[in-house]
Each structure stands twice: as C-alpha cells, then as structure tokens.
Amino acid sequence: MKLLWTADLKMNTVHITDVCRALWHLRNVGGRGEIFNLCDKGHTTQGVISTMVSELFQIEHDYFGTILSNLARVNMTSAVEESNEKHLAPWSTACARDGIENTPLSPYIDKELLYNKHLSVNGRKIEMTGFHYDVPEVNVKLLKEIVEDYVAMGIFPPSLETWKMLV
C-alpha cells in the first residue's frame with residue numbers, strides 16, 4: 001500500500017464509547033449551543049494508522065513523499081480515479097465471495113481526502129468540564145475489534161481477516 005504525502009499527516013481519532021459518553025456527559029453539564037471537539041490523546045497520524053493497518057492485515061505500506069504527492073495534486077482527479085479503480089473491484093469481489101450484498105463500508109475515497117490537509121482538532125475543552133477519555137489512543141487491538149464487529153454485523157468480508165489465517 002503506497003500513500004500520498006508522509007507519515008506525519010495528522011488524523012485525529014476517538015473511540016465510539018468515548019463519543020457516547022461525551023454526549024451523555026454534555027447532556028448533563030454542557031451549555032446550550034456550546035461546541036466541543038472530541039479527539040483522543042493519541043496524536044494519531046497517517047503513519048500511526050498505516051502501521052496498525054499493515055500489522056493487522058499483514059501488508060506493507062510506504063509513502064510517495066512530498067515531491068511525488070505534489071505532482072499527483074496537479075491531477076488529483078486522475079490519481080483518485082486510479083486509486084478507486086484499483087481498490088473497488090477487489091472489494092466487490094471479496095464482498096460477493098462472502099455473501100455480503102449491502103455494506104456501508106467502501107474503499108472509495110473522495111478527492112478532498114487526499115490533499116495534504118491535517119485532520120486535527122483540540123479535544124481538551126470537554127476535559128475542563130470533568131470529562132475524561134476512557135480510550136486514550138487507538139491501537140491494533142481496538143482496530144481488530146472494530147473489524148471483528150463489522151464481520152459479525154455482516155458488513156465486512158470475513159475472508160479479509162488475514163490474522164485468522166496466520167493461526
């Protein structure tokens with residue numbers, strides 16, 4: 001798997017249980033119309049996520065780097081179309097093979113997500129209200145649990161759970 005830009009591209013994460021807990025917490029202590037950003041303390045980057053995905057699915061990853069990524073940005077529409085063509089067919093094949101007829105999951109990516117834009121917010125404001133994050137950062141174990149939940153819900157092809165093939 002080869003990615004645009006570098007490993008340093010920021011990408012915030014937050015666990016769903018922390019999102020639910022934060023909503024309930026703010027129901028009790030939040031002010032009307034107040035805005036809170038949620039993100040864990042993991043300082044997550046494209047590199048962190050890519051390393052975990054690579055470990056989980058037993059694949060290698062690398063980056064095109066700044067120079068080649070800037071060249072791709074000149075014709076990002078073509079780069080996105082090429083990426084989507086490369087990933088959509090195998091995904092559809094895996095879904096069909098495993099009897100998944102409908103899923104909200106897709107490897108399709110929008111052009112806007114491939115620009116060198118950090119996806120980063122400050123999630124500390126909510127902590128000033130007494131809230132604390134139970135899941136301080138994403139890790140491979142949590143990512144694996146998510147995939148296993150998706151498989152159990154019938155929205156992720158079980159044949160792609162490569163770690164089960166290694167046992």
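Worth knowing before you read on, the calculation uses all heavy atoms, side chains too, and leaves out hydrogens, waters and symmetry mates. FYI, the numbering just counts along the sequence from 1.
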Same cluster (ILVMFWY, side-chain, under 4.5 Å), I126 and V19: yes

Co-membership, hydrophobic cluster, residues I146 and I16, 4.5 Å side-chain: no

Value rounded to 0.5 Å, distance of OH in Y133 from NE2 in H15: 13.5 Å

Verify same cluster id: Y150, V140 (apolar side-chain graph, 4.5 Å): yes

Ring-ring centroid check F156 W91, cutoff 6.0 Å: yes

T44 vs E137 side-chain heavy atoms within contact, under 4.5 Å: no

Test: R27 cationic atom under 6.0 Å from W24 six-membered ring centre, within 45° of axis: yes

Full working for side chain to side chain contact (heavy atoms under 4.5 Å, CB included) between V135 and T17: CA-CA 8 Å; V135 183; T17 58; 4.0 Å; yes

Check: H132 and R21 side chains under 4.5 Å, non-hydrogen atoms: yes

Derivation of the side chain to side chain contact (heavy atoms under 4.5 Å, CB included) call for V53 and L143: CA-CA 8 Å; V53 169; L143 187 60; 3.9 Å; yes

Any donor-acceptor N/O pair, D18 side chain to D134 backbone, under 3.5 Å: yes

Atom pair CG/OG1 of L38 and T13 - distance to nearest 0.5 Å: 11.5 Å

Sequence neighbours excluded, every pair satisfying ring-ring contact (aromatic ring centres under 6.0 Å, His included) that has a member inside residues 31-51: none

Atom CZ of R97 with >12 non-hydrogen neighbours under 6.0 angstrom: yes

Worked check of side chain to side chain contact (heavy atoms under 4.5 Å, CB included) between E148 and M153: CA-CA 9 Å; E148 288 172 343; M153 289 189 286; over 6 Å; no

Reported CE-to-OG distance for the pair M11 and S50, which is rounded to 0.5 angstrom: 7.0 Å

Heavy-atom pair of closest approach, residues V14 and C39: CB-CA, 4.0 Å

OH-CG distance between Y108 and N84, expressed to the nearest 0.5 angstrom: 5.5 Å

same_hphob_cluster(I59, V147) at 4.5 Å side-chain heavy-atom cutoff: yes

Nearest-0.5 Å distance that lies between atom CG in L26 and atom CD in E34: 8.0 Å

Non-hydrogen atoms of G130 and H25 that approach each other most closely: C-CE1, 4.0 Å

Electrostatic pair K41-E127, nearest N-O below 4.0 angstrom: yes

Residues N37, K125; criterion side chain to side chain contact (heavy atoms under 4.5 Å, CB included); working and verdict: CA-CA 7 Å; N37 294 315; K125 179 180 174 184; over 6 Å; no

Distance in Å, C95 SG paired with L88 CG, rounded so as to fall on 0.5 Å steps: 10.5 Å

All salt bridge (Lys or Arg N to Asp or Glu O under 4.0 Å) counterparts of E145, not counting sequence neighbours: K141

Check: D98 side chain, I100 main-chain N or O, donor-acceptor pair, under 3.5 Å: no

ILVMFWY network linking L160 to L105, side-chain heavy atoms under 4.5 angstrom: yes

